[in-house]
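Notes follow the structure.
Worth saying up front: this structure is predicted, and the values here are computed from it rather than measured. Worth knowing before you read on, the calculation uses all heavy atoms, side chains too, and leaves out hydrogens, waters and symmetry mates.
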Amino acid sequence: AFSLGWEGNARAAIPLVEMLYDRDSEVQQAAVNALSNINDDRFFTLMVDLLKTGPFQQKKTILFNLLKFNSKRDEVVSIYINFLEHPDDELRLDALVLLGSLVEPLDCADIYINCLEDRYREIRRVALQRLSQLPSPVPLKIMEKIEMMLWDPDPVIKKMAQERIIVRSR
């Protein structure tokens, strides 16, 4: 399936779309990759629909492949932001990491602040890391949230917060 997905190979679309519904998750993932590589925005809506109904691994693959739809950047950002509400920790983490590849930390500071309260420590770590990338002077509201992370149960997060506070005080 993956070898069919080269830019402009629209003739491969029908067999690839059929492969999206194969029982084998690896075939589904290869089909997602191939359709994304064709670089045709007509497949964007299909990918978005599959994010709602597809199996876990397919959703994960789609999240990463949405980056290939350059002309849909704003919609992709919105999808990643909405996925931060998904019940699955791993998919939320993927959405947060991918969001960071499309936007500057300052543009999503409020989103990162909200993620500091996530139940999944990896999400809190990524959010704190992104907030730590903000240029000085960091707004007081954000520094207060970073200081709250000194009481996080995860020692890595506590250390990250301490380091950011030390850098700010210099």
Passing option when His86 is tested against Leu93, Leu91, Leu63 for side chain to side chain contact (heavy atoms under 4.5 Å, CB included):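 Among Leu93, Leu91, Leu63, the one that satisfies the side chain to side chain contact (heavy atoms under 4.5 Å, CB included) with His86 is Leu91.
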Full working for side-chain contact (heavy atoms from CB on, under 4.5 Å) between Lys159 and Asp152: CA-CA 10 Å; Lys159 183 177 180 195; Asp152 193 274; over 6 Å; no
Just how far is it from atom [atom1] of [X] to atom [atom2] of [Y], taken to the nearest 0.5 Å?
X	Y	atom1	atom2	value
Asp22	Met19	CG	CE	8.0 Å
Leu66	Thr61	CG	OG1	11.0 Å
Ile142	Ile113	CD1	CD1	4.5 Å
Glu75	Thr45	CD	OG1	7.5 Å
Glu163	Gln129	CD	CD	11.5 Å
Asp40	Phe44	CG	CZ	13.0 Å

State, yes or no, whether a side-chain contact exists between [X] and [Y] at a heavy-atom distance under 4.5 Å.
X	Y	result
Ser36	Phe69	yes
Cys115	Val126	no
Trp151	Ile157	no
Leu99	Arg130	no
Val32	Leu16	no
Arg119	Arg92	yes
Met143	Ile146	yes
Leu20	Leu46	yes

Of all heavy-atom pairs between [X] and [Y], which one has the smallest distance, and what is that distance?
X	Y	answer
Glu147	Ile165	CG-CD1, 3.5 Å
Met149	Leu116	CE-O, 3.6 Å
Gly100	Tyr112	CA-OH, 3.6 Å
Ala109	Leu131	O-CD2, 3.9 Å
Lys158	Leu150	CG-O, 3.4 Å
Lys59	Leu50	CG-O, 4.1 Å

Exceeds 12 heavy-atom contacts within 6.0 angstrom, atom CD of Glu26: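 No.
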Gln57 atom CD, over 12 foreign heavy atoms within 6.0 Å: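 Count over threshold, so yes.
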Salt bridge flag under 4.0 Å for residues Glu144 and Lys141: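 So Glu144 does not pair with Lys141 through a salt bridge.
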Salt bridge present between Arg124 and Asp154 (N-O < 4.0 angstrom):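 No, no charged N to carboxylate O under 4.0 Å.
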side-chain contact (heavy atoms from CB on, under 4.5 Å) between Lys145 and Glu117, intermediate numbers included: CA-CA 10 Å; Lys145 292 292 185 175; Glu117 297 176 12; 3.7 Å; yes
Co-membership, hydrophobic cluster, residues Met148 and Leu140, 4.5 Å side-chain: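 No, separate clusters.
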Asn39 and Lys68 side chains, donor-acceptor separation under 3.5 Å: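 Short answer, no.
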